[in-house]
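Following: one structure in structure tokens, then a few remarks.
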Amino acid sequence: MKNDHKAAMSGERLRLTPGIKDTRPHLPYRAVPGILPEVPREKTDACCGTPSGLMTPPSLTSGDAPYGHCLQGHVPSPVGPVPRLSTRLTARDYWGGLKVRLGLGRDRYAMPAGLYAVGRPGPRSPVLVTANYKLTVDALRTELSTHDAWILALDTNGINVWCAAGKGTFATDELVHRLKASRLDQVVTHRKLVLPQLGASGVAGHRVKQRTGFQVIWGPIRARDLPAFLKNPQKTPPSMRRMSFTLKERITLVPVEISAAFRPAAWSLGMAMLMALLLGMAGPAPFKTVLHTMLLGVTATVVGLLSGAVLTPILLPWIPGRAFALKGAFLGLAAAFISLLAVYPDMTVETSIALTMMTIATSSFLAMNFTGATPFTSPSGVEREMRWAIPAQALVVTIGLIGWLQAVWAG
Amino acid sequence: MRNMTYLPGVSTLTLDTSRCNGCRTCTLVCPHAVLKMANGHAVIGNRDDCMECGACALNCPQEALRVTPGVGCAAYVLQTWFKGKEAACCGESGCC
């Protein structure tokens, strides 16, 4: 799964752009430590025996890596040439972005950490700090098409800024380490770093200042506000500093919710089907009826999945209740009611109730899981609702399952 | 989505105004504008809007703000219950 990085490490080396004179006395270009983007740390550990700083730099033009095509030569700097990022997305970037948004290969969409350039930055150009998630770097570089700036990508294992800040990888230590490794103090004459606001839960600005002399300036939340911010850093409208959760943003999250729910849902459904099949074959009901009732169980679960992982994110602000488990249960009830009328009308009351309970429990659980994708749920709140929701969901799904299995058996 | 208030009365956020030096950093880093300035020092506005991300406390040079930070993620909380705090992670594979 780490093929990208392996390919990057074994591939061709970066070449010095013609016209840039290497003035350093004895170090060949490839041995310039630190200045080059490093492959994410855990991956470089594989090459033991080489001091990490003196490792052969990864190829940034490797055909297999997800980032090679975003580079456009190099920009000279006092510590050597710095890879330059294109500010335009290509078909490959869109394709890669689409895949990770669908939940495919999301955990290995990383850029090498280190210093990059956009435009033609010099010693007085701003330094923008970001995470080494490719999608994050894409969002940043495309907003900077008319800017000359340095970009310092921290090694967050290919995780976005906010999640990485929460996990402690977009952190003070990593920033200090990356500053030193890239010798930024020799690249720029000023001592200011612009960090995305959402990195503040991982980086303590005043500690960075104490340890490196660099002052942290908290930039806007969204990359698209950067051009306005850079023009006038003193005046940031409150909207730049407030989290949003628009319909569009919520819809974007749906595919990942589905792909995350798919495996556990398929697994539990498979187990339930196996049990139902054995029971049905042992029972008095004809096989055709058994299969029919089993299919109803699948439908109830799929309806719950759609309600909890698709409709709950989209309709979130309009569903009654504050707790997500409750919102999911409400929507599950509504979805079950509609499917009772539409999909399975002629059923006994017992079976209808059992199927409804399965839908409600599935929807409630998945809706509760959506808390992790929202930008406003607190851990105290999530734990508070889970303390009653998990037992309730377990109870409801158990009763529902028993009712359904009974129906499968009796036919 | 305008109203992003989650469960009421759960946030662990506290502010000791006597320690506050009025540097405003907390008002810059809070993603939900919970902290505001009044009479030269920070005040907590709507505490129920706090998501306990920890940005304000981490960036308060006076340690006037305190909060138990964490991620509001049910999958993560579930794992802390079963696997313990150290082994818990959000992603399915290759922990973040």
Side-chain angles (χ1 to χ4, degrees), chain A residues 1 106-108 156-159 162-167 169 172 197-206 216 218 221 236 238 241-247 249-250 260 263 316-317 322-325 365 368-386 389-390, chain B residues 1-13 21 23-36 47-63 67-82 88-96:
Chain A
M1 75 170 241
R106 212 157 60 102
D107 55 346
R108 52 195 134 91
T156 60
N157 294 323
I159 305 286
W162 209 6
C163 289
K167 299 274 154 50
T169 48
T172 309
Q197 184 186 331
L198 294 185
S201 47
V203 172
H206 56 288
V216 168
W218 294 109
I221 287 179
T236 43
R241 301 219 166 271
R242 283 202 84 154
M243 218 33 224
S244 60
F245 204 34
T246 61
L247 182 63
E249 286 165 338
R250 297 198 304 274
R263 208 191 290 176
L316 194 69
R322 287 247 174 105
F324 281 51
F365 182 76
M368 194 183 71
N369 265 353
F370 186 60
T371 51
T374 70
F376 65 94
T377 53
S378 62
S380 297
V382 171
E383 199 155 351
R384 162 75 59 92
E385 79 164 272
M386 283 176 75
I390 292 275
Chain B
M1 184 164 184
R2 227 170 266 152
N3 179 16
M4 287 201 269
T5 308
Y6 185 40
L7 304 187
V10 292
S11 174
T12 52
L13 177 69
N21 66 0
C23 76
R24 320 181 74 99
T25 308
C26 57
T27 65
L28 296 179
V29 296
C30 177
H32 290 288
V34 172
L35 294 145
K36 296 176 179 3
R47 189 193 306 266
D48 290 341
D49 278 356
C50 171
M51 58 172 293
E52 301 175 314
C53 71
C56 58
L58 185 66
N59 278 281
C60 179
Q62 300 294 110
E63 296 182 5
V67 67
T68 312
V71 282
C73 168
Y76 180 82
V77 173
L78 209 58
Q79 292 201 38
T80 61
W81 287 358
F82 291 108
C89 73
C90 288
E92 315 100 82
S93 61
C95 186
C96 23

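A note on names: the letters A, B, ... follow the listed sequences, proteins ahead of strands, and every chain is numbered from 1.
Within the 4.5 angstrom heavy-atom criterion, only side-chain atoms of A:Phe365, from C-beta onward, approach chain B. With a 4.5 angstrom heavy-atom cutoff, B:Cys30 touches chain A only via backbone atoms. The parts of A:Glu385 that come within reach of chain B are both its backbone and its side chain, each placing non-hydrogen atoms under 4.5 angstrom from that chain. Proximity to chain B is limited to the backbone of A:Val203, based on heavy atoms less than 4.5 angstrom apart. For B:Cys56, no part sits under 4.5 Å from any heavy atom of chain A, backbone or side chain. Neither the backbone nor the side chain of A:Leu247 comes within contact range of chain B; no heavy atom of the residue lies under 4.5 Å from a heavy atom of that chain. Heavy atoms closer than 4.5 Å to chain A are found in the side chain of B:Thr25, but not in its backbone.
Shown here are the side-chain hydrogen bond (donor to acceptor under 3.5 Å, both in side chains) partners of A:Thr172, two or more places apart in sequence or in another chain: there are none. Applying the side chain to side chain contact (heavy atoms under 4.5 Å, CB included) criterion to B:Leu28, with sequence neighbours excluded, gives A:Arg241.
Chain B forms the most heavy-atom pairs under 4.5 Å with one residue out of A:Gly372, A:Ser378, A:Ser380, A:Pro317, and that residue is A:Ser378. For the set B:Gly54, B:Cys50, B:Cys53, the count of heavy-atom pairs under 4.5 angstrom toward chain A peaks at B:Cys53. When each of A:Pro375, A:Pro238, A:Gly205 is scored by its heavy-atom pairs under 4.5 Å with chain B, the top score falls to A:Pro375.
Side chain of B:Asn59 to backbone of A:His206: no donor-acceptor contact under 3.5 angstrom is found.
How far OG1 of B:Thr27 is from CH2 of A:Trp218: 13.0 Å, rounded to the nearest 0.5 Å. Atom-to-atom distance recorded for A:Thr377:OG1 and B:Glu52:CD is 10.0 Å, nearest 0.5 angstrom. Atom CZ of A:Phe324 is separated from atom CG of B:Leu7 by 8.5 Å, given to the nearest 0.5 angstrom. Taking CD of A:Glu383 as the start and SG of B:Cys73 as the end, the distance is 12.0 Å to the nearest 0.5 Å. The distance from atom CE of B:Met4 to atom OG1 of A:Thr374, rounded to the nearest 0.5 Å, is 9.0 Å.
Taking all atoms of both residues into account, the shortest heavy-atom contact from A:Pro379 to B:Pro69 is CG-C, 4.5 Å. In terms of heavy atoms, A:Arg242 sits closest to B:His32 at NH2-O, 3.3 Å. Here the closest non-hydrogen pair linking B:Thr5 and A:Arg322 is O-CD, 3.6 Å. Nearest heavy-atom pair, B:Ala74 versus A:Met386, reported as atom, atom and distance to 0.1 Å: O-CE, 3.4 Å. In this structure, B:Met51 and A:Phe376 approach most closely via the heavy-atom pair CB-O, 3.5 Å.
Using a 4.5 Å heavy-atom cutoff, the side chains of B:Tyr6 and A:Thr371 are in contact. Contact of the A:Asn369 side chain with the B:Leu78 side chain is not registered, since no non-hydrogen atoms from C-beta on lie closer than 4.5 Å.
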I would like to know whether A:Ile390 and B:Trp81 meet side-chain contact (heavy atoms from CB on, under 4.5 Å); could you show each step before the answer?
-> CA-CA 12 Å; A:Ile390 292 275; B:Trp81 287 358; 4.1 Å; yes
